[in-house]
Amino acid sequence: MDAFVSLVNGLSVAIQPMNLLFALIGVLLGTAVGVLPGIGPALTVALLLPITFKLDPAGSIIMFAGIYYGGMYGGSTTAILINTPGESASMATALEGNKMAKAGRGGPALATSAIGSFVAGTIATLGLTFLAPYLVDIAVSFGPEDYFALMCVAFVTVSATFGDSPVRGLTSLFIGLMLGLVGIDILSGQSRLSFGVPELYDNIEVTTLAVGLFAIGEALYVASRRHIQEEKLEPVRGSLWMTKEDWKRSWKPWIRGTLFGFPIGALPAGGAEIPTFLSYSTERRLTKHPEEFGHGAIEGVAGPEAANNASAAGTLVPLLTLGLPTSATAAMLLAGFQQYGLNPGPLLFAERPDLVWGLIASLFIANGMLLVLNLPLVGLWVRLLAIPQPWLYAGILVFATVGTIAANPSPVELIMLTVFGILGFLMRRFDFPIAPVVVGLILGPVAESQLRRALSISLGDPMTLLQSTISATLLAIALIALVLPFFLKGLGRFKAVED
Amino acid sequence: MTQFRKGLWRSALAVAAVAGFVTSAAAQMELKIMAPAAPGGGWDQTARSMQQALTQSGIAKSAQVTNVPGAGGSIGIAQLVNNSKGDGNQLMVMGYVMVGALLTNKSPVTLEQTTPIARLTAEYEAIVVPADSPIKTAKELADALKADPAKVTWAGGSAGGVDHIAAALFAKAAGADPTKINYIPFSGGGEALAAILGGKVTAGISGYGEFESQIKAGKLRLLGLTTPANQGTTDKPSIKAQGVDIEIANWRAVVAPPGISADQKKALVDAMDKMAKSAEWQAILKQKGWEDSYVSGDVFAKILADEQARTKEVLTSVGLVKS
């Protein structure tokens, strides 16, 4: 009950008019930067830090948290409407969301993503309130071998993003894995596949790859098909809002997405991308409408969006209880605390309860504000699709390029964006799925470095992977997920023969 | 035509010279400070703090901060050396980490090409173990290393960075073979801290600030800091005073482009000297918890050269730089 009393006290801090105003500014700014690809919440908070120095600590930290949550909302809007994921965590949303938008169901897609984000954000913030002290012990006990096992589960399950042909899917995945090798190897400090180009030392930026493949590739593809057949986009077909059927198909993915997002987000090396992919794959397996996947299934938007927002709340668990920043944005929030001489960690809850609980309470408020802000805008946003195609795609090209350049002002980054755009065009032209490339770039380096760390700690003994309970369990899940489909298929064939 | 051009060129030079004289004489410099890293990191924070102190104390009329991120500063320094030659208003923040990064990245541009101005701050490295570890002192850790360096696992920051170098120096001082240390680099402080708290590694090594709140909360045991022997206190013991001969600090400094005149260099050093003494800068140091380690001019140039030589030796001994 302690947590509950503290939360009520926190609410009294959060509803002070100044703090409400800060939360509002935060969510507005966050939504704006989330929309622009490349410029994320981390960069925004970094640039605001020196300006907010003179403000009251509670107010500015509440604003930073608003930016964080707002960024998660904004990223999904562009992912759905123009296939340009503003953040790598919105990539899974783009897969089905953009298909829905093209089929005139942009309204329901945006609505399920906004409501799903709200539901997930609220549940996850409740989790943060009540479970943080317990979760953090589990999170810290996750060692490199356990992360490697988690990556194995992710690799096996993301095959759902492969499309219809496993060979093409695997080809795409391996392109991504190869791109993941570029840059300085974290364990040995040596550069790989960077050919002496200093800009490549820092690895390939996920957003540059995602924007290049998704947005630029698509714009080129549409341009190449234009004289063959005019694709007519219908901004709205059917209801602008979610139908009863949409609600029925959305609520379970929201809950499941939250269950993926919150705990994985709370892991020090969990991140937001893995839970969104896991959620997408799960929904694809569990759906009653498998024929719709790949053509705009609402479950494929609802789940990943919920996972995305829940992981944002999860990230705050190690940040507030241990002072562990586990994402770029969390690191900036930490810097925000430190600028007031506050050190998040076990002592912060005792030393400044007003601040911690004020922050948690304002997360609930920011979440509500985002829902109220975003739902009425759905009608406006979908009008974007009514813009004539040449203008729309020219706009996307400018938008994608400006975002990338703003985040990393270097000609090499632009060349990479262009190369990835052409790659995306060719892959689309020859029917290779593009999502696995990004999946490979995100998961590959993590899996590699965690495996090598685990082996380094165990002095080269591979049995370490099975000696940890968490790791052994996760590896078993991965194995079952890998073998089961074949087994079931075999059983089906066996039955067919019997008939 | 050529005559006309020459004349134009000359008068332009004259105007520039006069303008340069006037600005430096009035001590109203319009400085540009480059942080060779993305916004938010240590170098960026240093640059922005300098901006704040320089403008608020009136030492400079303006100070513009630019970010040139990438490859541990290799991209920033290349830009400074190639594009800002002779620019007496340009500064670049750098630090000990850049010394190692330039060596491991085999950068074509080196620190010798820059004009050293001043060292500003320093942070000592702390060695910690989980609270339930049997190791209680730095000496015990040294003994464990001497027995079998591979069995002592270290968690710290990136390969070739200051944490890695400090671990290698510690092993060497302990009488163990530094090439055999089992150093596990983690990206970002959070991940390394989680591995130490979870008892996955023997010891952790990083700047004291990274561990401070965990040490105070009793979750980590501080074995010591890499401070000089006479600077140890009861809650922050010096490792050197415990008999392991190691002294290293992660410092941050500013350098200017190559090819600036002696007057320009003097103006920059003077500006930094004034800034270091200003109340504004001292307030920032206190608020950020940065140790003041100010030295300027030739003293700093000497330190920079020494650190480069030592770092090269250590990195060669751990196999990150081929000699």
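Note on naming: letters A, B, ... go to the chains in the order of the sequence lines (proteins, then strands), and numbering restarts at 1 for each one. The model shown is predicted, which means the values in this text are computed figures rather than measured ones.
Heavy-atom pairs under 4.5 Å with chain A peak, among B:Thr202, B:Ile196, B:Leu197, at B:Leu197. Ranking A:Ser188, A:Ser191, A:Pro144 against chain B, the residue ahead of the rest is A:Ser188, based on heavy-atom pairs under 4.5 Å.
In terms of modelled atom types and a separation under 3.5 Å, the side chain of B:Glu291 and the main chain of B:Glu123 share no donor-acceptor contact.
For A:Leu187, the parts lying under 4.5 angstrom from a heavy atom of chain B are both the backbone and the side chain.
For B:Val68, the side chain to side chain contact (heavy atoms under 4.5 Å, CB included) partners at least two apart in sequence or on another chain are B:Met34, B:Ile75, B:Gln79.
When B:Ile127, B:Asp235, B:Val128 are each tested for a side-chain contact (heavy atoms from CB on, under 4.5 Å) with B:Leu222, only one passes: B:Val128.
Side chains of A:Asn203 and A:Arg192: a donor-acceptor N/O pair is absent below 3.5 angstrom, by distance only.
Proximity to chain B among residues 448-458 of chain A is limited to A:Gln450, A:Arg453, A:Ser456, A:Ile457, judged by heavy-atom separations below 4.5 angstrom.
Relative ring orientation between B:Tyr183 and B:His164 is described as parallel, the plane-to-plane angle staying below 30° on a 0-90° scale split at 30° and 60°.
Among all heavy-atom pairs drawn from B:Thr104 and B:Leu315, the shortest one is CG2-CD1, 4.3 Å.
Taking the ring axis of B:Trp290 as reference, the NZ or CZ atom of B:Arg252 stays within 45° of it and closer than 6.0 Å to the ring centre.
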